[in-house]
Amino acid sequence: MRTATLGPAEREQALAAMAEHELDVLVVGAGVVGAGTALDAATRGLATGLVEARDWASGTSSRSSKLIHGGLRYLEMLDFALVREALKERGLMLQKLAPHLVKPVPFLYPLQHKGWERLYAGSGVALYDAMSVSSGHGRGLPAHRHLTRRHALRAAPCLRKDALVGALQYYDAQVDDARYVTTLVRTAASYGARVAPRARVVGFLREGERVVGARVRDVEAGGEYEIRARQVVNATGVWTDDTQALIAERGQFHVRASKGIHLVVPKDRIHSSTGLILRTEKSVLFVIPWGRHWIVGTTDTDWDLDKAHPAASSADIDYLLDHVNRVLAVPLTRDDVEGVYAGLRPLLAGESDATSKLSREHTVAHPVPGLVVVAGGKYTTYRVMAKDAVDAAVHGLDQRVADCVTEDVPLLGAEGYHARWNGRARTAVRHGLHVARVEHLLNRYGTLAEEVLDLIAADPSLGEPLAAADDYLRAEIVYAASHEGARHLDDVLTRRTRISIETFDRGTLSARECAELMAPVLGWEADQVEREVLHYGKRVEAERESQRQPDDLTADAARLGAPDIAPL
């Protein structure tokens, strides 16, 4: 199977091919649901296209809590079906679909009341584990444990002694959400899907009431393409209502945005061998291990301002610091925060005024002939959403099409991953790298790490780490542009890597080195390198300014001070 190189030439070819031949299915939006839909359609043998206005996962799907989980708190809401479905998907990703990208992660739940709370919370976690095993895909994760206060403090010395009387420990899973989506897109392309980032749908093609395709603007080179398709799938998440407005038809449902922000702090600021899950008055708060860092999140507030760049305000940051510091022996301060990011959850509106109570279920609709809309849901259940969307599209194709097979289709890099992991020491010797570097590559690319290592073999200087972000090798920056569809510096620093949230400088000190590595691949002249570096610096400063503002309105205005480098 081809590994689907997604460089500049492949993007041009994809747009031209989509405009030349009618597709069976055109998917609009390359977040996790859109990418999953493209993979589902392509693996059923359908002629499939995928277009994205910005970069893969540039919206919600790169700004999550980075957890693959069943949704323990949904048990409390008695939403057993949603939890069972999500636990099955978690197991599939861990065991079969993407073991190189999805990893187990332990969480400690501090108990604050003797007796009844251990019984109540313990029953919930026991049910969670039982539902996981009963799904058929739950084995491999350790079972939950009951801990005394002494044992809990041994696992998490960071906790204040008066913050708990005991604890429960259980396991979920985590993922680099943007990397997962990029791998989904590449996997879809390897099965024949035509994929193009920076290609914005500006209108739909109509024949009477029927939608027969879309008008797509090339955001990079200019010009428009008419892409005809027998079925179009709108998978644009929080932009669902905006995309529906292009057909001047009233939608059957509305999608409401809920903002969640996260803080990133260095590993040494919180002394713990396990993640934490804490109850708040509104929801839950996670402290999640993330390499040499911790992710602290999240908030849950209504958002009706700019969807492309949701802003974290000073009040949001204070909220998280205040709540996490209630249990930490050594409090976190603003000076400890390396990175901040904000994302928007696409929630189906109309069920409740409180965003934390809005449905995480998804829905699929056929508002007009030729157009399918999929919305809602959660990251973990993207594959089920994609299946339902393609099933609806197939219904409109009026022909016999194979059933969904994505439950048995590993993502690129998954096949042979465990064997490569077992041989990582020999790989390190063969390429002259430290074994920790090879482990890093295997956990980001799986068996595709060989393609990154080939770049290093051809140019040994690419085996050096970035000067100001030494978790990443120079080769990874080149590979992002040559193989993964990265078009701009922001794509690389924010999504192909996580330098923008993992360094105190937010990536500004790495910007020039990365831009110069990308330049030969993307054909940038010196003036384009300067533009990329300047734009990225303005973006970071606008974000910092927004995080100094007291509320959403002022934070949004400050963040909009830095325009996109490729205006939409």
Side-chain angles (χ1 to χ4, degrees), residues 11-31 33-53 185 188-189 191-219 221-237 239-253 255 363-375 385-402 404 568:
R11 176 181 175 276
E12 290 181 19
Q13 291 164 8
L15 280 170
M18 284 190 277
E20 187 175 347
H21 300 289
E22 183 183 46
L23 300 168
D24 292 320
V25 176
L26 173 65
V27 183
V28 182
V33 176
T37 301
L39 175 60
D40 189 298
T43 53
R44 297 196 202 199
L46 297 172
T48 304
L50 172 67
V51 292
E52 162 58 46
V185 173
Y191 284 100
R194 304 288 188 175
V195 301
R198 307 283 174 179
R200 180 182 179 84
V201 169
V202 294
F204 288 105
L205 305 178
R206 305 288 293 266
E207 287 182 358
E209 283 198 3
R210 185 174 190 83
V211 171
V212 295
R215 264 196 343 276
V216 176
R217 178 179 300 144
D218 184 342
V219 177
E224 290 188 3
Y225 295 84
E226 287 198 351
I227 299 177
R228 298 185 69 83
R230 297 167 66 198
Q231 291 285 307
V232 177
V233 178
N234 174 6
T236 52
W239 286 273
T240 297
D241 291 1
D242 304 73
T243 309
Q244 286 299 101
L246 295 175
I247 60 169
E249 295 280 350
R250 185 172 179 176
Q252 297 178 10
F253 53 83
V255 174
T363 191
V364 175
H366 228 137
V368 295
L371 180 67
V372 172
V373 184
V374 55
M385 296 175 67
K387 173 187 178 297
D388 290 349
V390 177
D391 283 346
V394 165
H395 184 72
L397 287 177
D398 195 25
Q399 71 180 63
R400 185 165 181 77
V401 176
C404 172
L568 294 179

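Since the model is a prediction, treat every value here as computed from it, not as a measurement. Side chains are part of it too, since the values below use all heavy atoms of this structure and drop only hydrogens, waters and symmetry mates.
Closest of all the heavy-atom pairs between Ala235 and Val374 is CB-CG1, 3.9 Å. Between Thr240 and Ala375, the closest heavy-atom pair is OG1-CB, 4.1 Å. Cys404 and Arg44 make their closest contact through CB-NH2, 3.4 Å (heavy atoms, listed as atom of the first residue, atom of the second, distance). Scanning all heavy atoms of the two residues, the minimum distance from Ala393 to Val233 falls at CB-CG2, 4.4 Å. Closest non-hydrogen pair, Ala35 versus Val185, comes out as CB-CG2, 3.7 Å. Val28 and Val201 make their closest contact through CG1-CG2, 3.7 Å (heavy atoms, listed as atom of the first residue, atom of the second, distance).
When side chains are defined from C-beta on, Glu209 does not count as touching Val368, because their heavy atoms never get closer than 4.5 Å. Considering only heavy atoms from C-beta on, Val51 comes within 4.5 Å of Leu26 through its side chain. In this structure, Arg230 and Gln399 have side chains that are in contact, with non-hydrogen atoms separated by less than 4.5 Å. Between Leu46 and Leu397, some side-chain heavy-atom pair lies under the 4.5 Å cut-off.
A side chain to side chain contact (heavy atoms under 4.5 Å, CB included) with Val27 holds for exactly one of Val232, Val390, Leu50, Val195; it is Leu50.
Note that CD of Glu52 is 9.5 Å distant from CZ of Arg200, once rounded to the nearest 0.5 Å. Rounded to the nearest 0.5 angstrom, Gln244 CD and Phe204 CZ are separated by 6.5 Å. Rounded to the nearest 0.5 angstrom, Ile227 CD1 and Glu20 CD are separated by 12.0 Å. Atom CZ of Arg194 is separated from atom OG1 of Thr48 by 11.0 Å, given to the nearest 0.5 angstrom.
Residues satisfying the side-chain contact (heavy atoms from CB on, under 4.5 Å) test with Glu12, not counting sequence neighbours, are none. Contacts of Asp218 classified as salt bridge (Lys or Arg N to Asp or Glu O under 4.0 Å), with partners at least two apart in sequence or in another chain: Arg11. Residues that satisfy the side-chain contact (heavy atoms from CB on, under 4.5 Å) test with Arg215, not counting sequence neighbours, are Val202, Leu205, Glu224, Glu226.
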